[in-house]
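Predicted model only: the values in this text are computed from it and were never measured. Letters go in sequence order (proteins before strands), and every chain restarts at 1.
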Amino acid sequence: MSEPAIVRTRFAPSPTGHLHVGGARSALFCWAFARRSAGKFLLRIEDTDQKRSSDAASEGFLEDLGWLGIDWDEGPEWKGNGGGETGPYYQSHRLDVYEQYMNTLLESGAAYRAFETPEELQEARRLARKEKRAYRYDRAALDLDPETVKAWVAEGRPHVVRFKVPDEDPIVIQDAVLGEVCVEPGTLEDFVIRKADGFPTYHFAVVVDDELMGVTHVIRGQEHLANSPKHAVLQDALGFQRPVWAHVSLIFNPDGSKMSKRDKDKFLRATVRERDMGSPPAEAGISPADWEAWLADKTVQLETDAAERLARTLDVQLPAINVDDFRRAGYLPEVLLNYLALLGWSPGGDCEQFDAAFLCEHFSLDRIVKSPAKFDRAKLLAFNLDAIQSMSEEMFVDRLQAFCARYEPRFLEAMSPEQFRVFALSNKERSKTLLDPMQSGRFFIEPDESIAWPASKPVRKALCKGTPSGLDRLEAVRPVLADVGDWDAPHLEAAITAWAEANCEGNLGKVAQPIRVAVAGGPVSPPIFDTLDILGRDATLTRVDRCLAARSELMGAAT
RNA sequence: GACCCCAUCGUCUAGUCAGGUCUAGGACAUCAGGUUUUCAUCCUGGGAACAGGGGUUCGAAUCCCCUUGGGGUCGCCA
């Protein structure tokens, strides 16, 4: 088999939801392989399921791919990507093309019409299962007399078209990852290639499109492995050249279950059960009827919006599954891309961290791993941390700012650009994600009056324990704060360090921690001088005074 | 149940195709110390794997077979 001169790969999602990490990885491998081979990467939207496809979802796919930095040479036009001579790239716009090829198969007898109803077939399958044998369509329609078929078609009787699978020889397909995969004759059934609604099935559309779009390499998840023999026989019947297949193993959750959108639903169910909630929380906007239906039946899933509202009211984080989930959670696209590439592929040796350019230079099909991989969030997080730490300060400020503009605009509204800069930089060294600074720094943008001091252990330790107590020190240092000349980190540091030198044997923590707790309402904040700098003099003093005023309650709670 | 795929530390993997350099390397996680004004980071060190059984061979993580385990598919979804 001679290698085709120009490599053409494609990613062909069905727009029925968001791009999840498994799909993203397939797209990444297709893209990297095309780039490596100086070929073309195409994007095709497989929207032949009228019931489930939506325009919004295909838009989301494009957005997610774009964010990851995966560009496509041909496909839907979007922000400079796409276009091309072999379109249209939405299958729903290619129906006439499929019909043409469908007719050649029908005329040659390689395909035939079948009139069984879905109910009849379901019953036959049920029976086969009960008798513990593999179900295969019995080809009953082949015995129909041609005149009858003609008459039924003429009267508009609903029917599908099935492909007559040749069953003399084994079907052998070559896979770049798995090697030779062989299916014995007689195991494939005559699968449907045109549905009763006139739309081609996935199998047929894929084969026709891949041929017409000149696709040379099909890189996809192993859940498709069983489909490839079907595609191979169709390609043979239509006189098409078979592409090179490369089936990549699947991605799983740490517990071994398949990583899927359903995980969010499962997670919410578990939380609700744990908290023993009888009725839906009002803020979630779920009707009691929907709530009941959802809890009663595990196969019922909440709408995405409802699920997100419920998670917010329960104050829990839904597990990240889709590319967009990771984006919202503050992961960097280049990190997700790096991690995804490493899930099922490696450049060899000890090299782990690399960028898209490296991938495009080194990616190869023969280094794809055959065994399934579990998605390790901890490792992804560690990579994200590394990437943030090795970023320049300016880069971090810019990216955090862009992230805030999209997901946390309140931080930009509440701070001046200078304050935001200090906020960003003081958080950089311990941020694992772009979301971390905002999660740990809520207190920065909350009104002074809403700061409260829960009777938690660290709070008590910082304010109440010891002699003198933290509150005593806070009271003593208050005038020093009020007297600081220019309110910025260096001046604050000079003043407070000097005071600590004189009053706490130079132990800055003894005074820093009470101040921290007073202004933040908890034991965690950026370095104390930066924290006060960002807050400003007024907010700092107001919060300190409020904390001091709460002295008796705090001491009372402590005993 | 039928068909197909897979099998190295807890996890992702290097090594396997061309058997010896592997007392099996790296990363994440974990454990123990250390640095640090909190949290986090950071530094040093430790433990941790060739699923089991048969072959082939002077020699097997590497080749073959079986067993076991895991997974995928079995739709007028894609």
Integer-rounded Å distance: [N] [atom2] and [X] [atom1]:
X	N	atom1	atom2	result
A:Met259	B:C12	CE	P	13 Å
A:Met102	B:C76	CE	P	14 Å
A:Leu340	B:C28	CG	C1'	16 Å

Need one value for [X]: base, sugar-phosphate or nothing, where a base atom within 4.0 Å counts as base even if backbone is also close, heavy atoms only.
X	answer
A:Ala382	sugar-phosphate
A:Leu381	nothing
A:Arg44	nothing
A:Pro158	nothing
A:Ser525	base
A:His247	nothing
A:Leu188	nothing
A:Arg194	nothing
A:Gly221	nothing
A:Lys510	nothing
A:Thr117	base
A:Pro254	nothing
A:Glu120	nothing
A:Asn227	base

Whether A:Phe61 and A:Phe11 hold their rings parallel, tilted or perpendicular, with breakpoints at 30° and 60°: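 Correct class here is tilted.
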Residues [X], [Y]: salt bridge by 4.0 Å N-O rule:
X	Y	result
A:Glu334	A:Arg399	yes
A:Arg478	A:Glu475	no
A:Asp436	A:Arg430	no
A:Arg442	A:Glu408	yes

Side chain A:Trp245, main chain A:Val177, donor-acceptor under 3.5 Å: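 Side chain of A:Trp245 to backbone of A:Val177: no pair is present.
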A:Arg136 side chain vs A:Gly186 backbone, donor-acceptor pair below 3.5 Å: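 Between the backbone of A:Gly186 and the side chain of A:Arg136 there is a qualifying donor-acceptor contact (under 3.5 Å).
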Check: A:His217 ring centroid to A:Phe29 ring centroid under 6.0 Å: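 No, too far apart.
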Proximity of A:Phe375 and A:Phe326 rings by center, below 6.0 Å: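 Under 6.0 Å, so yes.
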Nearest-nucleotide comparison on RNA chain B, the residue closer to the 5′ end among A:Lys195 and A:Ala226: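 So the residue in question is A:Ala226.
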Upstream residue (5' side of RNA chain B) when A:Asn507 and A:Trp345 are each assigned their closest nucleotide: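 Result of the comparison: A:Trp345.
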Applying the Watson-Crick and G-U wobble criteria at under 3.5 Å, what pairs with [N]? Answer none if nothing qualifies.
N	answer
B:A2	B:U73
B:U38	none
B:U44	B:A32
B:C58	B:G20

Nucleotide nearest [X] (side chain, heavy atoms from C-beta), chosen from [options]:
X	options	answer
A:Ser14	B:C76, B:U38, B:A78	B:A78
A:Val524	B:U13, B:U38, B:C12	B:U38
A:Asp49	B:G75, B:U13, B:C77	B:C77
A:Asp350	B:U37, B:A78, B:G26	B:G26
A:Val160	B:C77, B:C76, B:A27	B:C76
A:Ala378	B:C77, B:C28, B:G72	B:C28
A:Thr48	B:A78, B:C42, B:C12	B:A78
A:Arg162	B:C12, B:U38, B:C76	B:C76
A:Ala373	B:U37, B:C12, B:A78	B:C12

Nucleotides 3-7 of chain B: which of its N/O atoms have a protein N/O under 3.5 Å away?
residue, atom, partner, partner atom, Å
B:C5, O2', A:Gln222, OE1, 3.3

Distance below 4.0 Å between A:Lys432 side-chain N/O and B:A40 OP1 or OP2: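 It does not, given that no N or O in the side chain of A:Lys432 lies less than 4.0 Å from OP1 or OP2 of B:A40.
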Polar pair under 3.5 Å, donor/acceptor by atom type, side chain A:Glu352, base B:G26: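 Present.
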Same-atom distance (C1') from B:G46 to B:A7, integer angstrom: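 To the nearest whole Å, 28 Å.
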Euclidean distance for P, B:G19 against B:A78 (whole angstrom):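 Pairwise P distance, B:G19 against B:A78, rounds to 46 Å.
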Within 6.0 angstrom of A:Lys164 NZ, more than 12 heavy atoms from elsewhere: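 It does not: A:Lys164 NZ has 12 such atoms or fewer within range.
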